[in-house]
Amino acid sequence: MKRTHNNGELTIHNIGETVVLKGWVAKKRDLGGLVFIDLRDIKGITQLAFNPTSSLYEKTLEIKNEYVLEIKGKVIERSSKNKNIPTGEIEVEVEELIVLNTAKQPPIMIQDDTDALEETRLKYRYLDLRRPVLQNNFLVRHQTVKAVREFLNQEDFIDFETPILTKSTPEGARDYLVPSRVNLGTFYALPQSPQIFKQLLMISGFEKYYQIAKCFRDEDLRSDRQPEFTQIDIETSFLNQEEILDVSERMIKHVMKSVKGIDLTEKFPRITYQEAMDKYGSDKPDTRFEMYLENLSSIAAKTTFSVFLNTLEHGGIVKGIKVQNGANLYSRKGIDQLTDYVKKFKANGLAFLKMQDDVLSGSIIKFLEKEVQAELIETMGLVNNDLVLIVSDKENVVAQSLGNLRRYIAREQKMMDEEDYDFLWVIDWPMFEYKEDQGRYFSHHHPFTMVQEKHLDDLYHAPEKAIAYCYDLVVQGQELGGGSIRIHQEEIQNRVFDILGISKEEQQIKFGFLLDALKYGTPPHGGIAFGLDRLVMLLLHTENIRDVVAFPKTNSAQCLLTEAPSMVADDQLLELAIKTIK
RNA sequence: GGUCUUGUGGUGUAGCGGUUAACAUGCCUGACUGUCACUCAGGAGAUCGCGGGUUCGAUUCCCGUCAAGACCGCCA
């Protein structure tokens with residue numbers, strides 16, 4: 001029989017119609033003679049009714065949850081209605097019933113509020129994905145991709161595919177390697193991103209490229225990180241930073257409108273990297289709440305607290321955050337917990353001061369003269385019941401610990417609204433970061449990032465001061481995307497490789513083709529890439545990337561469903577001339 | 001590589017140095033004509049992740065190991 005309707009669409013207006021439905025048994029309720037079956041498909045649930053007089057009654061006895069049914073029947077009005085579901089006013093009086101398939105008892109309950117452990121859910125992911133909540137997640141993911149494509153197609157972007165089997169590149173993350181059978185002893189790498197290919201396409205003259213691109217990085221997983229993930233990858237020729245930010249912003253707004261129905265009319269605010277680090281202690285600040293980092297170094301210098309004084313003497317800094325009403329929210333024990341938290345970020349401790357009844361008290365109060373206290377109260381604008389939390393350490397430790405602490409407290413105190421989309425551009429990133437333990441410069445973004453013209457000289461004299469045409473889109477304390485204007489002149493590219501300590505030979509081996517390409521009339525170009533998984537997570541308000549990836553990997557990068565990765569047959573290895581070390 | 005949390009019937013949890021290992025749900029049997037997490041009665045179902053140690057005795061305490069999760073390192 002041909003299906004006439006899905007299980008989510010029949011309403012009071014269909015009464016009297018004869019319909020054919022297909023789907024899974026979500027629930028059977030046998031009242032003894034009178035039997036109800038909730039039939040579920042991707043669109044929803046329809047109640048089937050079997051009268052005691054029905055010749056099909058006997059047949060319903062054998063039906064269990066998750067059986068697959070095909071039915072024909074008449075839509076009738078329910079005598080007792082269920083206002084909780086869209087189809088709750090009608091039911092289908094079944095006249096024909098075909099069991100398309102039976103089902104074993106499922107190991108997890110196919111319900112939105114399943115309490116099965118993730119381990120079980122992942123092993124039986126195909127059943128987990130039958131749950132309407134998860135099905136909705138992937139519908140939203142689909143709508144997001146659809147909206148992105150709509151927008152970019154409209155703007156004349158061209159959808160490309162770039163190789164999955166490609167060349168290993170230095171810098172950045174660890175590569176996934178694939179052995180070549182035809183060229184024994186050599187390896188392809190899976191792309192960390194299609195970076196170089198999209199630049200080559202600009203050199204080819206396509207001008208506007210996009211790809212919903214799978215990317216691979218062999219690094220440890222997190223709740224928002226999978227070894228393979230998807231980027232909305234974009235590259236353009238002749239557009240400057242301003243123009244790229246504009247088209248990106250319009251794309252995100254189009255997605256927000258299409259998927260969530262939210263009109264974002266304001267221009268996304270901008271903040272420089274330096275300002276973000278100073279004020280929020282993070283390059284991806286959550287701007288939904290204040291609790292700014294305040295530099296207290298000059299006040300700390302006037303205290304008699306040796307920890308502060310030592311820190312300052314060794315070139316460190318002292319910063320604090322103000323937690324409004326925090327004096328009530330955090331007892332001594334609560335502050336101990338916060339102290340443990342900042343220790344994860346290498347902070348040695350957490351000093352605190354409480355303002356109560358117009359008097360300051362706290363762990364370090366005896367080191368603060370009255371005038372110093374007054375200056376602190378003035379600087380931080382303290383009023384009664386405020387709590388001040390202070391970290392003194394090297395600049396990056398202070399930023400990291402306080403930056404994370406302010407988010408931790410905000411989360412604990414529920415100071416953030418998940419429907420508050422605080423999109424923010426972080427711009428003016430440094431070109432390089434000097435890593436002391438490795439004694440050399442590393443690209444902040446990647447080695448193809450263009451220096452701002454006014455900082456061109458710095459490339460030759462003070463690389464650490466050079467500022468790039470580089471930008472990240474941040475929302476709710478998450479990096480959603482990032483990109484840069486690329487270098488299109490061979491000379492600058494060579495200089496950047498020099499700064500990174502990549503030798504001439506290595507440059508030729510790794511990037512010779514790109515350096516060659518730059519000689520043949522490369523247009524100014526630049527682009528951006530957005531994390532699709534994270535975008536969908538944002539739209540769904542989930543903290544777990546596994547909720548938006550159909551077949552995700554566990555923390556140890558395994559797929560519990562297929563049991564990948566796995567051993568392979570000896571002759572497969574032999575063919576590749578690969579020997580494993582036990 | 002490191003820190004922390006968890007592992008008990010199919011599923012999710014409780015529990016305790018000596019128990020008949022508890023509860024919910026699911027499953028099976030029976031009853032039930034308006035349910036929608038149907039209800040009611042009865043029943044089956046667990047070598048307490050694995051290995052070792054302490055102990056008269058370990059599911060419980062200790063060590064190791066495996067697996068899952070969160071985080072740090074790593075990663076844009």
Side-chain angles (χ1 to χ4, degrees), chain A residues 26-39 45-54 57 61 64-66 76-85 87-89 91 93 104-124 127-128 171-175 192-193 195 215-227 229 231 283-284 340-347 400-401 404 408 426 429 433 437 442-446 449 470-474 478-484 528-531 534 543-544 546 553-556 558 560:
Chain A
K27 189 76 196 175
K28 184 173 94 171
R29 289 178 293 278
D30 181 352
L31 279 67
L34 180 63
V35 175
F36 298 107
I37 289 176
D38 287 341
L39 195 67
I45 280 181
T46 301
Q47 175 164 288
L48 311 179
F50 298 81
N51 271 310
T53 52
S54 167
Y57 175 69
L61 295 180
K64 298 187 171 64
N65 284 350
E66 301 309 315
I76 57 171
E77 186 169 4
R78 288 197 200 179
S79 53
S80 59
K81 296 178 177 176
N82 181 354
K83 300 285 185 190
N84 297 322
I85 59 171
T87 61
E89 291 192 281
E91 65 192 6
E93 194 174 40
K104 276 176 63 179
Q105 185 196 338
I108 62 171
M109 286 182 253
I110 316 294
Q111 289 170 11
D112 281 357
D113 55 350
T114 188
D115 48 7
L117 288 180
E118 203 144 10
E119 199 171 340
T120 318
R121 289 175 45 201
L122 289 181
K123 183 167 178 191
Y124 298 96
L127 296 179
D128 196 27
E171 303 277 310
R174 194 176 293 113
D175 286 319
Q192 295 177 26
S193 79
Q195 183 59 37
C215 305
F216 306 85
R217 289 174 190 164
D218 187 5
E219 296 294 347
D220 285 354
L221 292 85
R222 284 287 190 283
S223 54
D224 62 350
R225 246 162 51 191
Q226 285 272 307
F229 59 98
Q231 282 189 345
D283 57 13
K284 41 180 193 290
D340 284 342
Y341 180 74
V342 295
K343 281 181 177 167
K344 287 205 297 196
F345 306 100
K346 305 252 169 63
Q400 218 198 341
S401 45
N404 280 294
Y408 181 85
V426 179
W429 290 63
E433 180 187 9
D437 50 335
F442 282 79
S443 289
H444 229 292
H445 186 58
H446 59 52
T449 304
C470 188
Y471 31 86
D472 270 10
L473 183 64
V474 171
Q478 289 271 329
E479 179 201 338
L480 199 58
S484 61
I528 191 163
F530 297 91
R534 284 186 184 171
E543 305 250 294
N544 194 330
R546 285 176 241 107
K553 310 259 187 306
T554 64
N555 257 356
S556 53
Q558 289 180 312
L560 296 180

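These figures come from a predicted structure and were not determined experimentally. No hydrogens, no waters, no symmetry mates; every other heavy atom, side chains included, goes into these values.
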If you look at every strand shown and take non-hydrogen atoms under 4.0 Å, does A:D340 touch a base, only sugar-phosphate, or nothing? nothing
Taking A:Q231 for its side chain and A:A529 for its backbone only, find out whether a donor-acceptor pair lies under 3.5 Å. no
Base, sugar-phosphate, or nothing for A:K284, non-hydrogen atoms under 4.0 angstrom? nothing
For B:G7 and B:G15, measure between their C1' atoms and round to the nearest Å. 15 Å
Per-nucleotide protein contact along nucleotides 37-42 of chain B, 5' to 3', at a 4.0 Å heavy-atom cut-off (B base, S sugar-phosphate only, - neither), is SB----
Sticking with atom C1', work out how far B:G45 lies from B:A31, rounded to a whole angstrom. 23 Å
Taking 4.0 angstrom as the limit, do A:R121 and A:D128 come out as a salt bridge? yes
List for me each residue that meets salt bridge (charged side-chain N to carboxylate O under 4.0 Å, His left out) alongside A:R546, sequence neighbours excluded, and say none if there are none. A:E118
For A:P107, which contact category applies under a 4.0 Å heavy-atom criterion: base, sugar-phosphate, or nothing? sugar-phosphate
Base, sugar-phosphate or nothing for A:S193? Non-hydrogen atoms, less than 4.0 Å. nothing
N/O to N/O distances under 3.5 Å, protein versus nucleotides 64-75 of chain B:
from: B:A67; atom 1: O2'; to: A:E119; atom 2: OE2; distance (Å): 2.8
from: B:A68; atom 1: OP1; to: A:T554; atom 2: OG1; distance (Å): 3.0
from: B:A68; atom 1: OP1; to: A:S556; atom 2: OG; distance (Å): 3.0
from: B:A68; atom 1: OP1; to: A:Q558; atom 2: OE1; distance (Å): 3.3
from: B:A68; atom 1: OP2; to: A:S556; atom 2: OG; distance (Å): 2.9
from: B:A68; atom 1: O4'; to: A:E119; atom 2: OE1; distance (Å): 3.1
from: B:G69; atom 1: OP1; to: A:N555; atom 2: N; distance (Å): 3.3
from: B:G69; atom 1: OP2; to: A:N555; atom 2: N; distance (Å): 2.6
from: B:G69; atom 1: O3'; to: A:R546; atom 2: NH2; distance (Å): 3.3
from: B:A70; atom 1: OP1; to: A:R546; atom 2: NH2; distance (Å): 2.9
from: B:A70; atom 1: OP2; to: A:R546; atom 2: NH2; distance (Å): 3.0
from: B:A70; atom 1: OP2; to: A:N555; atom 2: OD1; distance (Å): 3.1
from: B:A70; atom 1: OP2; to: A:N555; atom 2: ND2; distance (Å): 3.4
from: B:C71; atom 1: OP1; to: A:S223; atom 2: OG; distance (Å): 3.0
from: B:C71; atom 1: OP2; to: A:S223; atom 2: N; distance (Å): 3.3
from: B:C71; atom 1: OP2; to: A:S223; atom 2: OG; distance (Å): 3.4
from: B:C71; atom 1: O2'; to: A:K344; atom 2: NZ; distance (Å): 2.8
from: B:C72; atom 1: OP2; to: A:R222; atom 2: NE; distance (Å): 3.2
from: B:G73; atom 1: OP1; to: A:Q400; atom 2: NE2; distance (Å): 3.1
from: B:G73; atom 1: N7; to: A:R222; atom 2: NH2; distance (Å): 2.8
from: B:G73; atom 1: O6; to: A:R222; atom 2: NH1; distance (Å): 2.9
from: B:G73; atom 1: O6; to: A:R222; atom 2: NH2; distance (Å): 3.3
from: B:G73; atom 1: N1; to: A:D220; atom 2: OD2; distance (Å): 2.6
from: B:G73; atom 1: N2; to: A:D220; atom 2: OD2; distance (Å): 3.3
from: B:C74; atom 1: O2'; to: A:E219; atom 2: OE1; distance (Å): 2.5
from: B:C74; atom 1: O2; to: A:R225; atom 2: NH2; distance (Å): 3.2
from: B:C74; atom 1: N3; to: A:R225; atom 2: NH1; distance (Å): 3.4
from: B:C74; atom 1: N3; to: A:R225; atom 2: NH2; distance (Å): 2.8
from: B:C74; atom 1: N4; to: A:R222; atom 2: NH2; distance (Å): 3.3
from: B:C74; atom 1: N4; to: A:R225; atom 2: NH1; distance (Å): 3.4
from: B:C75; atom 1: O2; to: A:R225; atom 2: NE; distance (Å): 3.4
from: B:C75; atom 1: O2; to: A:R225; atom 2: NH1; distance (Å): 2.5
from: B:C75; atom 1: N3; to: A:R225; atom 2: NH1; distance (Å): 3.1

Remember a base hit wins even if backbone is also touched, and classify A:H444 as base, sugar-phosphate or nothing at under 4.0 Å, heavy atoms. base
